[in-house]
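Encoded as structure tokens, the structure appears first; notes follow it.
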Amino acid sequence: MSIAYTTEKQLAISAVRRACYLTSQVFNKLVKNETLTKGDKTPVTVGDYAAQALISSMLHHAYPEDPIVGEEDAAELRVESGKVQRDRIVELANEALVQDLQEGDYAEWGIGPGKAQGNHEGGRNGRMWCIDPIDGTKGFLRGEQYAVCLALIIDGEVKVGVIGCPNLPHDLSKPDGGKGCLFVAVRGQGAQQMAVSGANPTPLSMPPYDPATFSFLESVEAAHSSHSTSEKISKLMQITHSPIRMDSQAKYGCLARGDGGAYVRMPTGVGYKEKIWDHAPGSLIVEEAGGIVTNSQGVPLDFGLGRTLGENFGIVATVKSAHAKLLDAVAKAHEGEKAKA
Ligand SMILES: Nc1ncnc2c1ncn2[C@@H]1O[C@H](COP(=O)(O)O)[C@@H](OP(=O)(O)O)[C@H]1O
Ligand SMILES: [Mg+2]
Ligand SMILES: [Mg+2]
Ligand SMILES: [Mg+2]
């Protein structure tokens, strides 16, 4: 029998909702000097730091013993930015904590001044929370897709996953229609999509493989996922539709609700290791909607290795009935690439 994780799920939804509010506020007010460049040259904004501070302090207040694996490192902030920026982050987090976003929401969780750390190393044993406060920072900065991502991992397995996508259309074919989606899953209990407010919760179930509508979801950034490799795979599968390019784990949410057909993320070079916070909630949401998420050789992702997923063979996610065909096409594309090299 699966465990309900009712409290953890409600807390995660509440934290992600507040962080969605915060990041939307930051975007609307973002000024250029609030974008820093981290050591690894990826952009990070006060929004990333403030949203991680907000989520981790809510988690720490409710579960003071639970370690937190967060993408952002507050030490970088201390080194790279001044007091003005730090004060701004605290101000943003505090403001988002006291917003009356939903009846009972704040009163239920409250907040304490506890010292939440997000630098846990991950690993195989015990409970841990995993935060990507703004996934798809590049999309966020462009005013496109990004996602606030939170997962509970226990003994290396994702148990609860919540993704908040403030800019995601409810229906991709109506880009000017309603926007803002939350995707929620608990292992063994299915996945749901709802409005960021929590309204209109709808169970998610991926449609079976249909070659007539099948297309790929992939990164906007060619540096994150090889567009040329996915194009080869697409040709081998005789896919006629262009890929849907979108930043962040919004791709997993879209896949789970039936957009596209497969999420394909192929390595762009040797050396980069995928991070657990870029896949933890998304992979559970897809699995609970009836999909399967593996590396490009068909091996399940292992969230118990630490902060990364280990050696990178790329990631594919799709409905079960398309998985073998997709893996086959990936293998053929790789053979072709090797033959050319
Ligand atoms: N060379 C690389 N290969 C794959 N992923 C990379 C990468 N460099 C950065 N990333 C990750 O790609 C994530 C965004 O994915 P996507 O392209 O699907 O939007 C980034 O998350 P952040 O934006 O949270 O830093 C970052 O962790
Ligand atoms: Mg980043
Ligand atoms: Mg990310
Ligand atoms: Mg991020």
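The structure displayed is predicted, hence computed values, not measured ones. Counting starts at 1 for both ligands and their atoms, following the listed order. Just so you know, residue 1 is the first one in the sequence shown, and it goes up from there.
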Which of the numbered atoms in ligand 1 are under 4.0 angstrom from any heavy atom belonging to [X]?
| X | value |
| --- | --- |
| E274 | 4 (C), 5 (N) |
| S219 | 16 (P), 17 (O), 18 (O) |
| S248 | 16 (P), 18 (O), 19 (O) |
| D247 | 19 (O) |

For this session: Give the intermediate values and the outcome of salt bridge (Lys or Arg N to Asp or Glu O under 4.0 Å) for residues D302 and R124.
Result: CA-CA 9 Å; D302 186 348; R124 182 81 52 213; 2.7 Å; yes
Would you mind telling me if ligand 1 is within reach of the side chain of [X], the backbone, both or neither, using heavy atoms under 4.0 Å?
| X | result |
| --- | --- |
| A223 | backbone |
| D278 | side chain |
| D132 | side chain |
| Q249 | neither |
| I134 | backbone |

Problem set entry | E221 with R142: basic N within carboxylate O range, under 4.0 Å |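 Yes.
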Problem set entry | Carboxylate-amine/guanidinium proximity below 4.0 Å for E337 and K232 |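 Looking at K232 together with E337, the answer is yes, because their closest N to O distance falls below 4.0 Å.
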Problem set entry | Residue selection (non-hydrogen contact nearest atom 18 (O) of ligand 1) among K251, H224, E71 |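 Among K251, H224, E71, the closest heavy atom to atom 18 (O) of ligand 1 comes from K251.
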Exercise. Can M246 be said to touch ligand 1, with heavy atoms closer than 4.0 Å?
Worked result: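 No, that is not the case, since the closest heavy atom of the residue is not under 4.0 Å from the ligand.
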Exercise. At a 4.0 Å cut-off, with the gap strictly under it, does some heavy atom of Q145 reach an atom of ligand 1?
Worked result: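 The answer is no: ligand 1 sits nowhere under 4.0 Å from a heavy atom of Q145.
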Exercise. G136 to ligand 1: N or O pair under 3.5 Å?
Worked result: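 So ligand 1 has an N or O lying under 3.5 Å from an N or O of G136.
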Problem set entry | Y272, any N or O under 3.5 Å of ligand 1 N or O |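 Looking only at distances, the answer is yes, because the N/O contact criterion of under 3.5 Å is met.
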Hey, quick one: are [X] and [Y] part of the same hydrophobic cluster, counting side-chain heavy atoms closer than 4.5 Å, chains of contacts allowed?
| X | Y | result |
| --- | --- | --- |
| L92 | V196 | no |
| W277 | L182 | no |
| I244 | I285 | yes |
| F303 | V293 | yes |
| M194 | I163 | no |

For this session: With R257 as the cation and F183 as the aromatic partner, state whether NZ or CZ is under 6.0 Å from the six-membered ring centre and within 45° of the axis.
Result: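 Ring-cation test returns no.
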For this session: For Y146 and T23, test the side chains for any donor-to-acceptor distance below 3.5 angstrom and give the result as yes or no.
Result: yes
For this session: Scan side-chain atoms only and decide if E218 and S230 contain a donor-acceptor pair under the 3.5 Å cut-off.
Result: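 A pair is found: one side chain offers a donor N or O, the other an acceptor, under 3.5 Å apart.
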Exercise. Where is the tightest heavy-atom contact between E71 and I134, given as atom of each residue plus distance?
Worked result: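 Closest heavy-atom pair between E71 and I134: OE1-O, 4.1 Å.
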For this session: Using 2.8 Å as the cut-off, count the protein N, O or S atoms closer than that to the Mg ion (ligand 3).
Result: 3
Exercise. Considering only heavy atoms from C-beta outward, does the side chain of L172 approach that of P169 to under 4.5 Å?
Worked result: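 Yes - at least one pair of side-chain heavy atoms lies under 4.5 Å apart.
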